[in-house]
Amino acid sequence: MKRYNPKEIEPKWQKIWQESGTYTANLTSDKPKYIAMSMFNYPSGAGIHIGHAMNYTISDVKARFKRQQGYESYHPVGWDAFGLPAENYAIKAGVSPQESMAKIIPGYHKQYRAMGWSNDWEKEIATHLPEYYKWTQWIFSQMHKHGMAYQDVRMQWWCSIDNTVLANEQVIDGKCWRHDGPDDPPAEKREVKQWFFKITEYADELLEATDSLDWTESVKLAQKNWIGRSTGAEITFKVKDNDKSITVFTTRADTIFSAAFIVLAPELDLVKSLTASNQSKEVEAYIAASEKKSEIERQADKEKTGVFTGTYAINPANNEEVPIWVGDFVLAGYGTGAVFGDIHDERDFEFINKFDISARVTVLPEDEVEAEKVKNKEYAYTSEGILVDSGEFSGQRSEAARDKIIAWLTKKGAAKEKVNYKMRDWSVSRQRYWGAPIPIVDCPKCGQVLLPDEDLPVVLPELTDFQPSGDGRSALARATDWLKTSCPKCGGPAERETDTLDTYICSSWYMYRYFDPHNQSAIFNKDIVKKWEPIDFYNGADHATAHLLYARFIARFFTKIGLVNEPEPFKQFLFNGKVTAKDGTMFSKSKGNGVDPLDIIDQGYGADALRTYLMFAAPLEIWARWDPGGVPGTFKFISRVWTLVQEYNEASEGSLNTPIADELLRTTHRMIKKVTEDIENNRYNTAIASLMECTNSLYKIKAKSISKNEVWKESTENLVACMAPFAPHVAEELWQQLGHSTSIHADTWPKYDEKYLVEDKVTIVVQINGKLRGQLQIESGADEARAIEAARSDDKIASYLSGKDIKKTIYVPDKLINFVISTS
RNA sequence: GGGCGAGUGGCGGAACUGGUAUACGCGACGGACUUAAAAUCCGUUGCCUGAAUAAGGCUUGUGGGUUCGAGUCCCACCUCGCCCACCA
């Protein structure tokens, strides 16, 4: 008997699959469609690690399952090739990123195939190729043409090592995401001219659509928080003895009567023009000091700081004078950069106490004891309550008075309703070489001119030096031949934009390109995309906010310009866990604790055992710890199935007696039901447990009787078919050994038959006062009287019940019977 | 500080709308096969008392509650993880 040897069969089938195009999706097929994919890979020199193995196996299993169920299943593959790491490597090694990608990506091909992933290689994409980024640039043009792209000078996060702007989400704990070591400097803020996409125009619809998504809940929540919608009002205060005014944003207009002071962010231009001459020295020193402070220092400083400007503003609600302060706890980039402070806010309460500002309570809790404490200013009362000292609004509930006060102030010309978002417009410029050039030309006569579509792509020139030019521009500023061009409008001499596009743009639309990867006359064929959208299954362990939100934004934009029908690109999204080292820490190159999936495969366990273990170890959304002892376990399971099929094939023809046949069919069909439902619901671990259970049962039955016949054939084939998504190579091999000439990987998913799931006898638990005292076999569907009779005829139960008063009997059909007796 | 989630054997983890807690796997122990080992196959394996595969008691982070019955529902607390973090 041949033994299970993955080293032999895995490469064999990988070759056959590749040659026969087993996983090539027919995008115009009449079958129902299904597309399952994981977030595409950023190719680096390191190759895939165990975390990638986990990610991509999840979607591969799904794709395979659906393919077997008869869907036209598409499991695409691509490379997110642009970005900083490759460029940094190029700077260090002096090899162009184009060259290193050309070298690295084929290595990934080998690894992906070795893992047995059912990718459609005919439709492979890579974002750094001109045939792809032509359309990334085209999206920029479309945004531009639809008024969704604009240029502005903004304070931006700046990495002083890479000399480039960083997006908000690239700043982690105050440091650049690429340089977050203890010795790395904090990210700075600098004024930079930037291109932006108006994602904030879609803030509301993105927010509203979030709830109904079939996505991991934590990600939906993160998206909502990221958008951070808050409704309130802008209220304008006139400045005393001055023709200026200050507009503040508040969500608590009902507390306007308690306004004790105004605080301006130090960055505001208004500050200098307002400051009284006798305070200007102090204010200027404060501004200078907070400019020097890094953002982390400002955030770490929980202690509120500020200085008085010497000027007063007039509260439009009651015409009281309130002092105007400058404080760096107010964020310049949110709202108007100015707030009014009052005693009904924790931070302001602290500020009032620290600087001894006079303040008045205008909201009181209903509880009288608490109200007394609030009146005595023992703590900041920030909840809703009854208004006092609030003019005509006194006595009203704060939540009801809020809108009335806004309306009242609006009438007086001092307020307007306003919605603010934490989310800012998407900064899409990067002062880096390794990205898609922005299709803009800077003409001394015509200004910023968008290149016409026929001039796309603007091909990224090959350079030898990729270091940013240091003046804030990318290395492209030195590519003189490329830089100098003519204006598409007037034909005069002009210069190209040296910024490149944020790589998040590349990854925000790639799922559509999978459907038409080589189209050079359009971004994609709309009809094919409309047939295949949305992505049925998407998974990843990162990018809960940025990437997923950007992709949703692009999908909505595409919907508006008629390219797609579905405003939501990903129907289902699974935020799976990561794999950590045994001690729970992250795998990292510097620690040298990484695990190479190919090593596990080469050790002789094979890809099937590795895949199965990764899917079995824990629920998909849990962070699993890598256990080197796990793969031998799933290897053993696969070997057992292998041996079973060998024994079946070597057995002689023969019939089975009815009870054994029945047992076989029951076991198998129960397994089919469980595996089908579990894969559907992303509970792969219990699906595999059920495959193992079934195998164990078949072993027990085989010890009694195994012979070649229809029942055993059905059982072994069903078992092999149901394990195929997890262990595709061995399943294919066994399928062939069982006499099939076509692949197991299409149209083979078994259906279970309900008639094998109903039991004629069931085990019923007998409890006395809720305690388990016995079990009995009884025909299923027995009525209560019958069950009680059966229970009473059990010796043990009878002894428990003898001489006792049965106060109550609870009977759950086919499950349990509970006698409640008096205990004394 | 805010939000979300989770605490189950030696370990990873099962348990449907409350109904046999510990499925499945790892590890450990015993046996068969073998000159021996590996591999394989067959058992045992939550804890305590017990010679016991007799019987009983205890057990899902802690304490209380609801219920005939709670890992599951309610209240309080402890611990851990993740995300956001001065957004007015």
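Any value given below was found using the heavy atoms of this structure, including those in side chains, with hydrogens, waters and symmetry copies removed. Just so we're on the same page: letters track the sequence lines, and every chain starts at 1.
G9(B) takes the syn form, because its glycosidic angle lies no more than 90° either side of 0.
In this structure, Trp426(A) has its ring center closer than 6.0 angstrom to the ring center of Tyr550(A). Between Phe351(A) and Phe261(A), the gap from one ring centroid to the other is short of 6.0 Å. For His669(A) and Tyr756(A), the gap between ring centers is short of 6.0 Å. Between Tyr4(A) and Phe635(A), a ring centre-to-centre spacing shorter than 6.0 Å is recorded. Aromatic rings from Tyr613(A) and Trp626(A) are positioned such that their centres are separated by under 6.0 Å.
Using a 4.0 Å heavy-atom distance criterion, Arg3(A) is classed as a sugar-phosphate-only contact. Contacts of Arg229(A) with the nucleic acid, taken as non-hydrogen atoms under 4.0 Å apart, are absent. In this structure, Lys636(A) reaches the sugar-phosphate backbone alone: every heavy-atom distance under 4.0 Å involves primed, P, OP1 or OP2 atoms, never a base. Note on Ser218(A): nothing from the nucleic acid sits closer than 4.0 angstrom, heavy atoms only. Within the nucleic acid shown, Phe819(A) has no heavy atom closer than 4.0 Å to any nucleic acid atom. Residue contacts for Glu217(A): at a heavy-atom cut-off of 4.0 Å it reaches no nucleic acid atom on any strand shown. Using a 4.0 Å heavy-atom cutoff across all strands shown, Gly228(A) reaches no nucleic acid atom at all. Heavy atoms of Asn696(A) sit under 4.0 angstrom from primed sugar atoms or phosphate atoms, though from no base atom.
For Phe329(A), counting side-chain heavy atoms from C-beta on, the closest listed nucleotide (U20(B), A14(B), A88(B)) is A88(B). Checking G3(B), G19(B), A15(B) against every side-chain atom of Leu221(A), the shortest atom distance belongs to G3(B).
Using a 4.0 Å cut-off, some side-chain N or O of Asn685(A) falls inside it from OP1 or OP2 of A14(B). Residue Lys700(A) places none of its side-chain N or O atoms closer than 4.0 Å to OP1 or OP2 of C42(B). The phosphate of G25(B) (OP1 or OP2) has no side-chain N or O of Tyr613(A) nearer than 4.0 angstrom. Ser230(A) has a side-chain polar atom (N or O) that falls below the 4.0 Å cut-off from OP1 or OP2 of A88(B). Look at Lys771(A) and you'll find a side-chain N or O under 4.0 angstrom from OP1 or OP2 of C58(B). For C11(B), the OP1/OP2 oxygens have no side-chain nitrogen or oxygen of Arg625(A) closer than 4.0 Å.
Mapping Ile810(A) and Arg773(A) onto RNA chain B via the closest heavy atom, the residue that lands nearer the 5' end is Arg773(A).
Side-chain atoms of Lys304(A) come within donor-acceptor range of the base of C86(B), with a qualifying N/O pair under 3.5 Å.
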